[in-house]
Amino acid sequence: MGTRSNLRQSIDALCSLGSSATESVYTRLVLECVRANDAEQAARLQAHMESHSFRPNDTYIHNRLLHLYAKSGKVGTARNLFDRMPKRDVFSWNAMLSLFAKSRAQEDLWATFNDMPVRDSVSYNTVIAGFTDNRLPRKGLEVFAMMVVDGFQPTDHTYVSALHSCSMLLGLRQGKQIHGRIVLTGSLGTNAFVWNALINMYAKCGEINHAWWLFDKVPDKNVVSWNSMISAYLEVGLPEKCIEMFHEMQLASLKPDQVTISNVLNAYFETRRVDEARNLFSEVKGMKDKVCWTTMIAGYSQNGREEDALMIFRQMLLANAQPDSFTISAVISACAKLASLHQGRALHSKAILIGVDDNLLVSSALIDMYCKCGTISDARFVFNSMPSHNVVSWNAMIRGYAQNGRDQEALSLYESMIQANKKPDSVTFLAVLSACMHANLIEEGKKYFNSISKDHGITPTLDHYSCMIHLLGRSGRLDKALDLIKQMPHEPDSLIWSSFLSVCSKKGDIEHGEIAAKRLLEMDPFNAGPYIMLSNMYAAHSRWDDVASVRSLMNSRNVKKFAAYSWVEFDNKVHKFVSEDQAHPESEKIYGELQQLTRRLQEVGFVPNTRSVLHDVGEDEKFSSVCYHSEKLALAYSLLKLPGGVPIRILKNIRICVDCHLFMRYISKVIGRHIILRDATRYHHFIGGECSCKDYW
DNA sequence: CTAGGGTTAG
């Protein structure tokens, strides 16, 4: 800081002098600017020299200025000086290469390299590194080959960048060739950079044992060596080994750095040791960079702790850490999971404020968030505002339409994607097939399903088969659906059998349903879902003995039902309800409102549907348990609290029951409000007595 | 003057 202000004062003094200084004064000041890394003052100094027609012949001074501008990303200033230099040597050209490499101007980098009258090995190294950093590893390796052909001996710098290119390309063969050359030329000495690049290359190419073998041989292991190995284990899915290495590293008296921490945090999150991750995070007080913060946010969010993710983000802002596009997209995706429109909108503003709203990561997260909150028009606005789309943003939008019951829009957007010559992937087809499934478009569904492998060369996944089972089952062809399961190239998993069970239950086909339930219970005897489905099917046919035997099986195995709950968000707060909830402070008012609503609906012909009640109890008891399901309580509370005209958003962790669905349809008509209910599988938009899912969910 | 490790959406 002191150097900087001294520098400014010296240059101020020089400027007020009104005459030129001697060459040695200029040289000294330029070097001071370089030392202080102060391109602003350097530019002032250059201007002063030129305004006094002082043109030092010394290319050295110009080169130092050029490099300083290059390092500070002052493209225009550097280019201007370069163009007017009376003499240029290889250092001047290299400075320009470095400038273009750093400012991601690949075309200029390549053109400059080709224009050079003479090159040295640094020129090649700079270009190879430039291409590698700009994610053009093939070009990097091309220049590496060119360097050898042109008769230059590769240096350690060359090997490091070239190996980095191989890691990006997963080019094990090329990597091994370079390794061979390094050994032959005796370059594998004590330079940790080369060792680490090799470890990294083998690790990225999946050769973890080879990476470990090298790591073991590194003479002076530094933090980066350890980090390379730790991230290698993370990469190949051995988080336990990462944590082990982390402890060993500390035993070897090496201090972990920010990279170590963020890798190890990831390893903790992958092994679901969320609290250990939090403890580690709070221990490393002084050395949290934005990657550490982001890892923590993403880790919480991926482990179902979205509220904590948002809390960490607030702490990050309070700690004055600067969020970037990775951070913002992680926080937005936490909001998406919570379907928290209020906070999601605030984050959208934040993204605009820090200038990352048109980043691909952030925009896709925003589209997803708006879709999950049910505000599809906002999602479409973001989609339309994007300068370019990739497969993830297309998928987010297509899927968002499909999830919100806008099946035709989903399919027509898919057609536009194909028109735009974009390659769909398996996620795209999942969205397309689920649109067909909800719109009951059997022929189209079959057509899209067949095109997955035929036209796009993708093997259909279990998710795709699951959609087809729903489609076939819905048209009553349960035998066809079962045939399809038998023909699959994959072993049917629980998703397949539960899809099949769910269509059987809708069609009341107990025979097929029993097959599915049997398979599911073999796979996971503690999952309550199949027991309940089967039991409901028996109950619908009044087979009470079978209902009782399923229930006693459940009890003997001590299978617990998944707790169902619903929540609503307003005033920046989440209000959560369980079935027959009495815990809310305004419980009495809520029940009063709900009873009044139920009476109004019954007047216009609504009959509570108690079919979905598990066991054979008296009608009164069934009636009350259905009447106070969590989503109904959440609805009553929202009606008490929200002004008219505002859409009501309810979220639920499991699928909505038949009675609640019908209830919501009636309500939307009787009171004329738009109700959006997101359950575990999809979005229900209730408007004027109809639901966007067309009663199929 | 040129080089290494970490966050990557649906």
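Reminder, nothing fancy here: chain letters follow the sequence lines and each chain counts from 1.
- Contacts of A:Ala129 with the nucleic acid, taken as non-hydrogen atoms under 4.0 Å apart, involve only primed sugar atoms and P, OP1 or OP2.
- For A:Gln174, the side-chain hydrogen bond (donor to acceptor under 3.5 Å, both in side chains) test picks out no residue, with sequence neighbours left out.
- In this structure, of B:dA9, B:dC1, B:dG4, it is B:dC1 that holds the atom nearest to the side chain of A:Val122.
- Here A:Ser161 lies in heavy-atom contact (under 4.0 Å) with sugar-phosphate atoms only.
- A:Val391 comes within contact range of at least one nucleobase, with a heavy-atom separation under 4.0 Å.
- Taking the side-chain contact (heavy atoms from CB on, under 4.5 Å) definition, one finds that A:Val291 meets it with A:Ser262, A:Asp289, A:Thr295, sequence neighbours left out.
- Taking a cutoff of 4.0 Å between a charged side-chain nitrogen and a carboxylate oxygen, A:Glu32 and A:Arg35 do not qualify as a salt bridge.
- When the side-chain contact (heavy atoms from CB on, under 4.5 Å) test is applied to A:Lys422, the partners found at least two apart in sequence or on another chain are A:Trp394, A:Met417, A:Ala420.
- Here the side chain of A:His157 is nearest to one of B:dA3, B:dT7, B:dT8, namely B:dA3.
- Counting only heavy atoms from C-beta on, A:Asp324 has its side chain closest to B:dT7 among B:dA9, B:dC1, B:dT7.
- Regarding A:Met168, its CE atom lies at a distance of 13 Å from the C1' atom of B:dT8, rounded to whole Å.
- Sequence neighbours left out, not one pair with a member in residues 261-271 of chain A passes salt bridge (charged side-chain N to carboxylate O under 4.0 Å, His left out).
- Of all the residues in residues 363-375 of chain A, A:Ser364, A:Asp368 reach under 4.0 Å from DNA chain B with at least one non-hydrogen atom.
- Within 4.0 Å (heavy atoms only), A:Leu360 reaches at least one base atom of the nucleic acid.
- The A:Asn94 side chain lies nearest to B:dC1 when the options are B:dG4, B:dT7, B:dC1.
- Spacing between atom CE of A:Met249 and atom C1' of B:dG6 amounts to 13 Å, rounded to whole angstrom units.
- Listed candidates were B:dG6, B:dG4, B:dA3. Nearest to the side chain of A:Gln258 is B:dG6.
- In the set B:dC1, B:dG4, B:dT7, the nucleotide with an atom closest to the side chain of A:Phe91 is B:dC1.
- Legend: residues meeting side-chain contact (heavy atoms from CB on, under 4.5 Å) with A:Ala211, ordered by chain and number and at least two apart, are A:Ile199, A:Tyr202, A:Ala203, A:Met229.
- Nearest heavy-atom pair across A:Leu254 and A:Lys221 is CD1-O, 3.6 Å.
- Legend: residues meeting side-chain contact (heavy atoms from CB on, under 4.5 Å) with A:Ala111, ordered by chain and number and at least two apart, are absent.
- Taking every heavy atom of residues 200-222 of chain A and every atom of DNA chain B, pairs under 4.0 Å involve A:Asn200, A:Lys204, A:Asn222, by number.
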For residues 125-134 of chain A, run the donor-acceptor check on the side chains, cut-off 3.5 Å, and write out each pair with its distance to 0.1 Å, sequence neighbours left out.
from: A:Asn125; atom 1: OD1; to: A:Thr158; atom 2: OG1; distance (Å): 2.6
from: A:Asn125; atom 1: ND2; to: A:Thr155; atom 2: OG1; distance (Å): 3.1
from: A:Thr126; atom 1: OG1; to: A:Val122; atom 2: O; distance (Å): 2.6
from: A:Thr132; atom 1: OG1; to: A:Ile128; atom 2: O; distance (Å): 2.7
from: A:Thr132; atom 1: OG1; to: A:Ser165; atom 2: OG; distance (Å): 3.0
from: A:Asn134; atom 1: OD1; to: A:Arg104; atom 2: NH1; distance (Å): 2.8
from: A:Asn134; atom 1: ND2; to: A:Gly130; atom 2: O; distance (Å): 2.7

